[in-house]
Structure formats: C-alpha cells, structure tokens
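Here's the structure, in structure tokens; my notes come after.
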Amino acid sequence: MLSKAFRLKHKKDIEKALKEGRGFFSVFVILKALENGQNQTRVGFICSKKVSPKAVLRNKAKRQTTNIVEKYISQVRVGYDLVFICKREIIGADFEQIKMAVERLLKQSGICKKI
C-alpha cells in the first residue's frame, strides 16, 4: 500500500493536476503529471463508474495500478503530482500488460529516472 506521504488526497489538488497537468496516454491508463513545487511526489488514482459499474472491478483496477506505481515511486523525480486514470480496457487485462503500460507512461513522461 502506498504510504500516506505519497498520496494525493485533496480534491482541489487532483482537479488542478487534471486541468493543468500534461497528459500521457496508453491503452489501459492515462497519466496526468504536474509539477507541484514541493519536496514530495504525490500520486492519485481515479477509476470512475464508466470503467465498470461494479465496485469490485474498479477497486481491483486501482489496486493493480497502485501496486505497480508503488514499486517505482522511489525512482520518480521529486516534486510532481501524478494522477492515474483507469480506462475501460483495464477491466479483464492481464497484470503484466498493465505493468508494461504504466512503465511506458513513466518513461514517456520523463518523470521516472530509470526503469
């Protein structure tokens, strides 16, 4: 589980990252990244009812994405707000496919030092 220090909790911070952040897209996940001017990188996850009406499937998608990001959080540059938005295609996808998509997003954005 992602520690509290790395969580993006406040609605206004998430909305700001979504509105002003730079977007990176993959088949399963969208990444919005915004510099926050702090000494901490914070991460948020969104999985709406459009992805699946079943909460079990939405929570599974968020858990998988969180698990992947948690492994790479130490390699991410400091001072960013990151919001990962799940897409419909994530439901039923293999964990390895999701992992490759998230890794590709982190590389593409230039936020992750080394993967």
With a 4.5 Å limit on heavy-atom distance, are the side chains of [X] and [Y] in contact?
{"X": "Leu18", "Y": "Ile85", "answer": "yes"}
{"X": "Phe28", "Y": "Lys99", "answer": "no"}
{"X": "Asn36", "Y": "Arg42", "answer": "yes"}
{"X": "Cys86", "Y": "Ile46", "answer": "no"}
{"X": "Val69", "Y": "Leu106", "answer": "no"}
{"X": "Asn59", "Y": "Arg63", "answer": "yes"}
{"X": "Lys87", "Y": "Ile30", "answer": "yes"}

Please report the C-alpha distance between Arg7 and Val43 in whole Å, then the side-chain angles of each, then the deciding distance to 0.1 Å, and finally whether the side chain to side chain contact (heavy atoms under 4.5 Å, CB included) criterion is met. CA-CA 5 Å; Arg7 292 186 202 156; Val43 184; over 6 Å; no
Is [Y] reachable from [X] through a run of I, L, V, M, F, W or Y residues, each pair having side-chain heavy atoms under 4.5 Å apart?
{"X": "Met100", "Y": "Leu31", "value": "no"}
{"X": "Phe25", "Y": "Ile90", "value": "no"}
{"X": "Ile73", "Y": "Leu105", "value": "yes"}
{"X": "Phe6", "Y": "Ile14", "value": "no"}
{"X": "Ile68", "Y": "Val29", "value": "yes"}

Please report the closest heavy-atom contact between [X] and [Y], naming both atoms and the distance.
{"X": "Ile98", "Y": "Gln64", "answer": "CD1-OE1, 3.3 Å"}
{"X": "Lys62", "Y": "Cys47", "answer": "CG-CB, 3.6 Å"}
{"X": "Glu35", "Y": "Tyr80", "answer": "CG-CE2, 3.4 Å"}
{"X": "Ala33", "Y": "Phe24", "answer": "CB-CE1, 4.4 Å"}
{"X": "Ala17", "Y": "Leu34", "answer": "CA-CD2, 3.9 Å"}
{"X": "Arg88", "Y": "Lys50", "answer": "NE-O, 2.9 Å"}

Please determine whether side chain to side chain contact (heavy atoms under 4.5 Å, CB included) holds for the pair Phe95 and Asn67, giving the CA-CA distance in whole Å, both sets of side-chain angles, and the decisive distance to 0.1 Å. CA-CA 10 Å; Phe95 181 77; Asn67 189 10; 4.1 Å; yes
Quick check for you: to the nearest 0.5 Å, what is the distance between [X] atom [atom1] and [Y] atom [atom2]?
{"X": "Leu82", "Y": "Ile111", "atom1": "CG", "atom2": "CD1", "answer": "5.0 Å"}
{"X": "Glu103", "Y": "Lys71", "atom1": "CD", "atom2": "NZ", "answer": "9.0 Å"}
{"X": "Gln38", "Y": "Asp81", "atom1": "CD", "atom2": "CG", "answer": "6.5 Å"}
{"X": "Ser26", "Y": "Gln97", "atom1": "OG", "atom2": "CD", "answer": "11.0 Å"}
{"X": "Leu8", "Y": "Lys16", "atom1": "CG", "atom2": "NZ", "answer": "11.5 Å"}
{"X": "Phe84", "Y": "Thr66", "atom1": "CZ", "atom2": "OG1", "answer": "9.5 Å"}

For the side chain of Arg77 and the backbone of Thr41, is there at least one donor-acceptor N/O pair under 3.5 Å apart?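 Checking the backbone N and O of Thr41 against the side chain of Arg77, no donor-acceptor pair under 3.5 Å is found.
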Step through the shown structure and confirm whether more than 12 heavy atoms of other residues, nucleotides or ligands are within 6.0 Å of CG on Asp94.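 Check passes, neighbour count above 12.
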Let me see the working for Lys60 and Val56 under side chain to side chain contact (heavy atoms under 4.5 Å, CB included), right down to the final yes or no. CA-CA 6 Å; Lys60 181 180 178 183; Val56 172; 5.7 Å; no
Between Lys49 and Arg58, is a side chain to side chain contact (heavy atoms under 4.5 Å, CB included) present by the stated rule, with each step listed? CA-CA 8 Å; Lys49 284 189 179 180; Arg58 292 194 309 270; 3.6 Å; yes
